[in-house]
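All residue numbers refer to positions in the sequence shown, counting from 1.
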Amino acid sequence: MSVKHIQLAHGGGGLEMNKLIRELFFNAFDNAILRNEEDAALLNLCGPTAFTTDSFTVSPLFFAGGDIGKLAIAGTVNDLAMMGAEPQYLSLGVIIEEGFALDDLKTIVHSMAEELKKSGAKIVCGDTKVVPKGCADGLFLNTSGVGRIIRPGISAKALKSGDAIIVSGDIGRHGAAILMAREGLELESRLESDCATLWGAVEQLLVHPFEIHAMRDATRGGLSAVLNEWAAASGVNIQLDEAAVPVSDEVRGLCELYGFEPLDLANEGTFVLALPKAQAEGALEVLKRFGHCEQAAIVGEVVGEVVEGLTGPAGKVVLNTPWGSSRYLDLPAGELLPRIC
């Protein structure tokens with residue numbers, strides 16, 4: 001009888017583990033470096049290199065628009081892309097709970113393989129552990145990634161007065177999709193996570209002579225967290241035009257229902273960009289025409305230490321509302337939605 005669920009033997013280093021790794025992971029992630037089967041991948045790195053790591057514990061594992069596997073690959077690749085780095089090599093650590101459905105694991109692994117194709121990155125080393133039932137919530141993933149820096153100098157500390165702030169798409173989709181999946185909500189129109197690899201859009205920006213100062217994918221804490229972190233790191237104030245920020249009707253409706261703020265909700269396929277205001281329209285056109293970012297928009301600007309109507313030290317984000325008022329936009333407080341990634 002064929003095995004349908006992960007057993008402790010799949011992590012024991014013997015026949016069952018060898019078969020799982022070869023028939024599933026090696027087949028899905030096949031490349032020359034992985035096939036060497038050494039204790040460590042032998043890489044040829046040249047010049048400045050970006051290195052990142054992340055762990056993924058999202059609940060539920062499957063959600064509208066993606067799953068934990070797609071999320072892990074996209075999230076790691078995106079962290080590299082935000083530093084102006086071409087994603088090259090990834091590692092993969094898999095912690096599986098005893099009894100996990102093998103078909104679900106296959107679906108997740110194949111989802112990862114498909115997402116890798118979008119950036120050209122390769123998984124070149126990995127590790128598999130199986131823990132007893134009750135010691136993990138189904139499946140946890142850990143990934144690390146390295147990439148070659150294409151455009152040096154992109155940094156949260158590099159914003160300058162006069163920079164425009166651009167978002168690549170409508171915000172809050174991932175957080176809203178996870179909330180919908182947990183609560184079992186059904187909407188008339190389909191709401192999906194924005195989970196996606198961003199390297200394609202970033203690569204289009206990098207081939208143009210834009211003076212990109214900062215990029216950041218707006219994950220946990222959403223747009224609010226990114227802008228506050230930038231303002232503090234660069235010692236500037238940022239003005240955000242609330243009416244210009246793209247938010248879908250579905251996300252706005254869920255936020256009104258649960259009392260959330262779209263600006264605080266997580267994204268997994270939307271990034272924020274800062275560059276000189278004179279180049280903003282050009283960057284926006286590139287994102288829309290070549291980066292498949294149809295909802296991209298200019299949403300704010302970097303200003304000096306004094307904001308009209310408000311005074312205070314540098315490092316603040318001011319939200320200009322559609323009603324003509326202004327307020328400070330603070331870092332999100334508390335845990336809005338645990339285990340979103």
*Is the count of non-hydrogen atoms from other residues, nucleotides or ligands lying under 6.0 Å from Arg151 atom CZ greater than 12?*
yes
*For Ser224 and Asp264, does a side-chain donor sit closer than 3.5 Å to a side-chain acceptor?*
yes
*Would you say the side-chain atoms of Thr128 pair up with the backbone N or O of Val94, donor to acceptor, closer than 3.5 Å?*
no
Return a table of donor-acceptor pairs under 3.5 angstrom between the side chains of residues 202-210 and protein atoms on other chains or two or more places apart.
residue : atom : partner : partner atom : Å
His208  : ND1  : Gln204  : O            : 2.8

*Under the side chain to side chain donor-acceptor pair (under 3.5 Å) rule, collect the residues that match up with Ser155, sequence neighbours excluded.*
none
*Give me the other members of the hydrophobic cluster that Phe140 sits in, counting Ile, Leu, Val, Met, Phe, Trp and Tyr linked by side-chain heavy atoms under 4.5 Å, directly or via other members.*
Ile95, Val131
*Which salt bridge (Lys or Arg N to Asp or Glu O under 4.0 Å) pairs, counting each pair once, include a residue from residues 122-145, with sequence neighbours left out?*
Asp127-Lys129, Asp137-Arg339
Cut-off 3.5 Å, no hydrogens considered: what does the side-chain donor-acceptor table look like for residues 272-280, sequence neighbours left out?
residue : atom : partner : partner atom : Å
Lys277  : NZ   : Glu301  : OE1          : 2.8
Gln279  : OE1  : Glu211  : N            : 2.7

*Nearest-0.5 Å distance that lies between atom OG1 in Thr219 and atom CG in Asp54*: 8.0 Å
*Any pair with a residue in residues 280-299 that passes salt bridge (Lys or Arg N to Asp or Glu O under 4.0 Å), sequence neighbours left out, goes on the list, sorted by first then second residue, please.*
Glu285-Arg289
*Hey, could you give me each pair passing salt bridge (Lys or Arg N to Asp or Glu O under 4.0 Å) that has a residue in residues 5-32? Not counting sequence neighbours.*
Arg22-Glu37, Asp30-Arg35
*Which residues, ordered by chain and number, are linked to Val146 in its hydrophobic cluster, where ILVMFWY side chains connect at heavy-atom gaps below 4.5 Å, directly or through other members?*
Ile33, Leu43, Leu45, Phe51, Tyr89, Val124
*Can you list every salt bridge (Lys or Arg N to Asp or Glu O under 4.0 Å) pair that touches residues 226-235, not counting sequence neighbours?*
Arg216-Glu229
*Set of side chain to side chain donor-acceptor pair (under 3.5 Å) partners for Asp241, sequence neighbours left out*: none
*Pairs touching residues 143-186 that satisfy ring pair (Phe, Tyr, Trp, His ring centres under 6.0 Å), sequence neighbours left out*: Phe63-His174
N/O donor-acceptor pairs under 3.5 Å from side chains in residues 251-260, not counting sequence neighbours:
none

*Could you tell me the separation between the NE2 atom of His10 and the CD atom of Glu98, rounded to the nearest 0.5 Å?*
11.0 Å
